[in-house]
Amino acid sequence: MGTFDAIVVGAGPAGSTTARELAASGARVLVVDRAEWPRYKACGGGVPLRAERMLPFPIDSVVEDSVSRIEMSARGKMAFTKRSRGPFARMVMRDRFDMLLLEHAQRAGAELRTGTVVRELDLNGRVRIRADGFEAEAETLICADGAHSPVGRMAGLGGDLAECAAWEVEVRGRPRDASVGEATTLIDLGYDPWGYAWLFPKAELLSIGIVLPREEAGQMKALVEGYLERLGLRGAEVEIARGHKIRFRRGGETVAG
Ligand SMILES: Cc1cc2nc3c(=O)[nH]c(=O)nc-3n(C[C@H](O)[C@H](O)[C@H](O)COP(=O)(O)OP(=O)(O)OC[C@H]3O[C@@H](n4cnc5c(N)ncnc54)[C@H](O)[C@@H]3O)c2cc1C
């Protein structure tokens, strides 16, 4: 059985960043992820400049586009554009971005095990994880296993989270195909009772999606269809379409991941 100072479950941005910091400070770290990497992640892929600046390495190699304009609207009406002097966010595809973060964790010394689903925890004394045909133990367990956080739940964490629902499509095209200027991102508000749709440009794709209260999840696909139609993208080639929960806390807590 492998013995470590820390086991990080989940190799997304939260897990790989934690693993990199721990390994860089001399800890023996194991990162375990159930997916084979690189893996697709439903996400707009917008990285605010403030977040980019927190990273101790450049991310240029995975930046697909940068945005300096945001166009806000309410169901397509009352649109206005806010421009900034320079880019305020980078646009990335999460498979490549997350892989870059993970490579830096490995470079710092973290050990990686992918394709490994953590199925059981033993939290008596040192932490022990069990996956199919694999066990490891450590002083510390970090549950960075995403919004559903099955391992966090096994550890009794992640209760009392509010949930909303998201639907995202990756459409082949450039902003001009949707009559949108270059370097521009769209946010469309005004959904009932609340929610928003977005368009984030990538090098060859447009990430388009909607977030609504969980109870309204049944409407998401039709509303995204309507949004695509309004953008002039009806019948556009959809590469990937995915639904996902977004879990969040209400109140003053700090959330990582
Ligand atoms: C539709 C949508 C759009 C979004 N757009 C944006 C955006 O534009 N900008 C932004 O900053 N954020 C956005 N987000 C939020 C962002 O995706 C998340 O905040 C971010 O992915 C969280 O990172 P994480 O490392 O916590 O988890 P994740 O990236 O979800 O990684 C968790 C990892 O844990 C692994 N895992 C899960 N269970 C197990 C298990 N039992 N054993 C082993 N491994 C396991 C998974 O394989 C996964 O790789 C969006 C989210 C959604 C759903």
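Counting from 1, the numbers follow the sequence of the chain as shown. In listed order, ligands and their atoms are each counted from 1.
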Task: Worked verdict on Glu64 versus Arg96 for salt bridge (Lys or Arg N to Asp or Glu O under 4.0 Å) - done: CA-CA 10 Å; Glu64 303 251 334; Arg96 297 176 61 220; 3.0 Å; yes
Task: Chi angles and distances behind the salt bridge (Lys or Arg N to Asp or Glu O under 4.0 Å) call for Asp5, Arg28 - done: CA-CA 5 Å; Asp5 294 315; Arg28 287 165 305 154; 3.1 Å; yes
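Close N/O approach between Lys245 and ligand 1 is not found [any backbone or side-chain N/O within under 3.5 Å]. Taking any N or O of His244, backbone or side chain, none lies under 3.5 Å from an N or O belonging to ligand 1. In terms of N/O distances under 3.5 Å, ligand 1 is approached by Val118. At a 3.5 angstrom cut-off on N or O pairs, Gly44 counts as close to ligand 1. For ligand 1, the polar-atom distance check finds an N/O of Lys41 within less than 3.5 Å of one of the ligand's N/O atoms.
Arg69 and Thr81 form no side-chain donor-acceptor contact under 3.5 Å, judged by distance and modelled atom types alone.
Ring geometry, His104 versus Phe57: the interplanar angle falls under 30°, so the pair is classed parallel (tilted spans 30 to 60°).
At least one heavy atom of Trp198 sits closer than 4.0 Å to an atom of ligand 1. No heavy atom of Thr17 sits closer than 4.0 Å to any atom of ligand 1. Within the 4.0 Å heavy-atom shell around ligand 1 one finds Ala144.
Summarising the geometry, atom CE belonging to Met220 is positioned 11.5 Å from atom NE2 belonging to His244; distances are rounded to the nearest 0.5 Å.
The option with the heavy atom closest to atom 23 (O) of ligand 1, from among Gly12, Pro13, Ala147, Gly45, is Pro13.
Between Arg174 and Glu182, at least one side-chain N (NZ, or NE/NH1/NH2) sits under 4.0 Å from a carboxylate O, which counts as a salt bridge.
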